Amino acid sequence: MSKLTVVEGSYAVAHAVKVCRPDVIPAYPITPQTHIVEELSQFAANGEIGACEYITVESEFSAISVLIGASAAGARTYSATTSQGLALMHEVLFNASGMRLPLVMTVANRAMSAPLSIWNDHQDSIAQRDVGWIQLYAEDPQETADMTPQAYKICEDSKIMLPAMACFDGFILTHVYEPVVLLEQDLTDEFLPPFAPEHILDPSNPKTFGAFADPSIYTEFRYMQELGMSAALKKIETVADEFNEIYGRYYGGLIDGYYLDDAEIVLVAMGSVIGTIKDVIDELRAGGKKVGLLKIRSFRPFPTDAIRDAVKNAAIIVPLDKSISIGKYEGALCTEIKASLYNTRIDIPVLGYIFGHGGRDIPPERIKKIVSEAEKAIVSGITIESSYADLQEELL
Amino acid sequence: MNKTTELFAPGHRGCAGCCDALAAKFMLKAVGENCIVVTPTGCLEVFSTPFPESAWNVPWIHSLFENTAAVASGVEAALKALGRKNDTKILAIGGDGATIDIGIRGLSGAFERGHDFTYVCVDNEAYMNTGVQRSGGTPFAATTTTTPAGKASFGNLRPKKNMPQIMIAHGSPYVATTSVAYPKDMMRKVKKATEITGPTYVHVHAPCTTGWGFDGSKTIELGRLAVQTALWPMMEIENGEITGVHKIRNKRPVGEYLKAQKRFKHLFSIPEGAEIIKKIQELADWNADQYDL
């Protein structure tokens, strides 16, 4: 039985990074990511991360650029960021995936300015949907910590070679103190082999990284990224199983279900709100309501087939989003779930809710209200496809 | 590997008389094969690496336009962490736009952090790859496609940003200015820069046949005129002190330099041209006096 220790979520993640034996960590502080990089700097100062180069860069733009240079030179790399910092990296995120560099970065999810908000939602990473990075979302500090070696193992696979962001909710998970199992070094060494890329910057075998492509070849490079993502669909599942075998913990692969098999109302969500939803489901199930949860762990690659299979017997699907596409008035899960069901024989109404933006609390009552509205919609049909669940209209 | 002894191979797609190609070829001759080159997006990158071709017989990486120094930082950090740094030199080669303008934040950060690498700015004084637009390196009164001359303008209104001074202010152990027109001087300085531990900076003046408007056979001639008129002083600054200055034997008037280029052609026809040429001569005279050229 592994020992539980009460630590802050950020510490659990930093410790997980340490046991993955990174070679280069560039860090730029931004709330609420700071505790992760502070803990890592202390590990480095204590000489606990081997020869790792910890670099205090002058911006997130340089943090991600350092990762590119270091990874191309053969290093296992790590950084963490959030919100504005992730947005500042935007251009470089495309570049990292296009160059097929298996960077791993933790994203402490936070709202986007303006108005300025340091609190949690998923707008920052969702806005990076199309940059070609694997995007995984964790429910609690333990899952986030465990996702770190999993992410390395997934993206360093020679058939994948794509960067990954492991996302967890800012403050709610970064700053919470919870009992966790700190990842054991020996188990991690068993689980995660050293990074040994086929192509590196090496004067004894000179190679060109980052050539430009004219219209005769550009499309093929992009499609090969898509193939890498497709390979990740399977790898995310097998890595979750391998992790379970070695560490004895499992959170699902691409998705996870909670009371899903016979659920009439299927709530769909990512991140820390999963815990609240599970509590609500326990209560509602005790009252005989057939409510279940589809937890999305992998947003990119998007597990279309797994989702179709998981929801096919539902009476209504209710995506709950901490992001919004302004001008479509929908969250990302809502849009993508609907798209996944089109062109299939599955004809189930989808009722989307957007909530918890800029750190607004999501109490169990709000979930219950959503469930009761979904029950009504099963009978009377959907009138509004998507809306804010926690809008204070009196403030408008 | 290409079948050539050149580390920067011929057969690339640079213009005849291209300053970037000259710079890359001679710099690599000086530094040798045990190096890793980082370049930004730009002419040099585009004409040397149209997939699947590459002119680079050394490991080479291009990421983006404005992150060259940060990518070089990452390469250096990785080599150190992996125990592979040894004598391997890391050479970043950026144009004036990538260095002076859009990449200055990352460059400043990398120098402040003290990474062991050499950054070379090959300065052809405008955004040539996009079609000759003004940069912070464009000299006073030059026309570019975004600072054209007209009834209300004589071209670029601002003087060239003094990038070497900015790098000196970072406490770099070695900052040098040189020119592609003096390949031996350039090779010596770049080699010296790579042999000094810490972040070192070499600013190479580089006449662009296309952007400046002169025949491709005159690149060296133009580069020499810039030095001989004292518009481009060549020197070495070690730990903040000037330790070497290239002396001018036969000082030439700036008019000779200006007249040889289309980008200054308007100065010889507009009414205020003579006054502007006089101001440019004053800049050259100030250089000659200040640095005892």
Side-chain angles (χ1 to χ4, degrees), chain A residues 21-26 28 49-77 79 89 91-92 94-96 98-99 101 103 194-195 199-214 216-218 220-221, chain B residues 1-2 7 32-41 45-90 92 103 105-110 112-113 115:
Chain A
R21 301 188 187 278
D23 301 304
V24 176
I25 303 175
Y28 189 80
I49 332 184
C52 177
E53 289 280 315
Y54 183 92
I55 308 171
T56 51
V57 287
E58 85 295 336
S59 66
E60 288 91 354
F61 200 93
S62 282
I64 181 75
S65 300
V66 164
L67 294 179
I68 284 181
S71 183
R76 178 173 283 161
T77 61
S79 194
M89 292 180 178
E91 180 193 8
V92 202
F94 276 101
N95 192 250
M99 292 181 78
L101 297 171
L103 319 177
F195 181 42
H199 305 288
I200 59 167
L201 293 166
D202 179 3
S204 67
N205 185 12
K207 289 176 182 172
T208 286
F209 282 65
F212 92 91
D214 70 19
S216 70
I217 193 69
Y218 182 84
E220 286 66 32
F221 276 110
Chain B
M1 283 283 267
N2 293 294
L7 295 174
E33 63 185 12
N34 190 11
C35 76
I36 296 173
V37 173
V38 187
T39 75
T41 310
E45 171 260 329
V46 170
F47 75 65
S48 67
T49 65
F51 183 87
E53 297 163 16
S54 176
W56 301 90
N57 276 324
V58 293
W60 173 91
I61 181 168
H62 150 250
S63 168
L64 294 165
F65 195 13
E66 67 276 52
N67 65 353
T68 305
V71 172
S73 302
V75 173
E76 183 249 20
L79 295 190
K80 276 163 78 178
L82 298 168
R84 294 190 356 238
K85 177 70 178 73
N86 305 320
D87 290 329
T88 300
K89 313 297 185 193
I90 293 147
R105 173 176 68 195
L107 179 59
S108 177
E112 173 273 313
R113 294 191 298 271
H115 293 280

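Please read these numbers as outputs of a predicted model, since none were measured by experiment. The chains referred to below are lettered A, B, ... by the order of the sequence lines, with proteins before strands, and numbering in each begins at 1.
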> Considering only heavy atoms, which portion of A:D214 lies under 4.5 Å from any heavy atom of chain B: side chain, backbone, both, or neither?
Replying inline: neither
> With respect to chain A, which residue among B:V46, B:T68, B:L79 yields the maximal number of heavy-atom pairs within a distance under 4.5 Å?
Replying inline: B:V46
> A:P26 and A:A63: which non-hydrogen atoms are nearest, and at how many Å?
Replying inline: CG-O, 3.3 Å
> Around B:D87, counting heavy atoms of other residues, nucleotides and ligands shown, do more than 12 lie under 6.0 Å from its CG?
Replying inline: no
> Which one, B:V37, B:T88, B:V75, B:I90, leads in non-hydrogen pairs under 4.5 Å with chain A?
Replying inline: B:V75
> Looking at residues at least two apart in the chain, or sitting in another chain, which of them share a side-chain hydrogen bond (donor to acceptor under 3.5 Å, both in side chains) with B:T49?
Replying inline: none
>> Just so I understand: if I count every heavy-atom pair under 4.5 Å between each of B:G83, B:S73, B:A78 and chain A, which residue has the most?
In response: B:A78
> Taking atom types as modelled, is there a side-chain donor on A:D202 or A:S204 under 3.5 Å from an acceptor on the other?
Replying inline: yes
> Hey, mind stepping through B:E33 and B:N57 against side-chain contact (heavy atoms from CB on, under 4.5 Å) and telling me if it holds?
Replying inline: CA-CA 8 Å; B:E33 63 185 12; B:N57 276 324; over 6 Å; no
>> With chain B as the partner, which of A:T77, A:I217, A:N95 has the greatest number of non-hydrogen pairs under 4.5 Å?
In response: A:N95
> Taking all non-hydrogen atoms of both residues, which atom of B:W56 and which atom of B:S48 are closest, and how far apart?
Replying inline: NE1-OG, 2.7 Å
> Given that the side chain runs from C-beta out, which part of B:R105 has a heavy atom under 4.5 Å from chain A: side chain, backbone, both or neither?
Replying inline: both
> Side chain, backbone, both or neither: which part of A:L201 has a non-hydrogen atom closer than 4.5 Å to chain B?
Replying inline: both
> In terms of heavy-atom proximity below 4.5 Å to chain B, should A:S59 be classed as side chain, backbone, both, or neither?
Replying inline: side chain
> Based on non-hydrogen pairs under 4.5 Å, which of A:S62, A:A96, A:A211 is most in contact with chain B?
Replying inline: A:A211
> Non-hydrogen atoms of chain A under 4.5 Å away: do they reach the side chain of B:S63, the backbone, both or neither?
Replying inline: both
Residues 64-74 of chain A, side-chain donor-acceptor partners within the protein, below 3.5 Å, at least two apart:
from, atom 1, to, atom 2, distance (Å)
A:S65, OG, A:F61, O, 2.7
A:S65, OG, B:N67, ND2, 3.0

> Just one of A:Y218, A:F221, A:F209 clears the ring-ring contact (aromatic ring centres under 6.0 Å, His included) bar with B:F51, so which one?
Replying inline: A:F221
>> Using a 4.5 angstrom heavy-atom cutoff, name the option from B:E76, B:E45, B:E66 with the most pairs to chain A.
In response: B:E66
>> Is A:V57 in contact with chain B via its backbone, its side chain, both, or neither, using a 4.5 Å heavy-atom distance?
In response: both
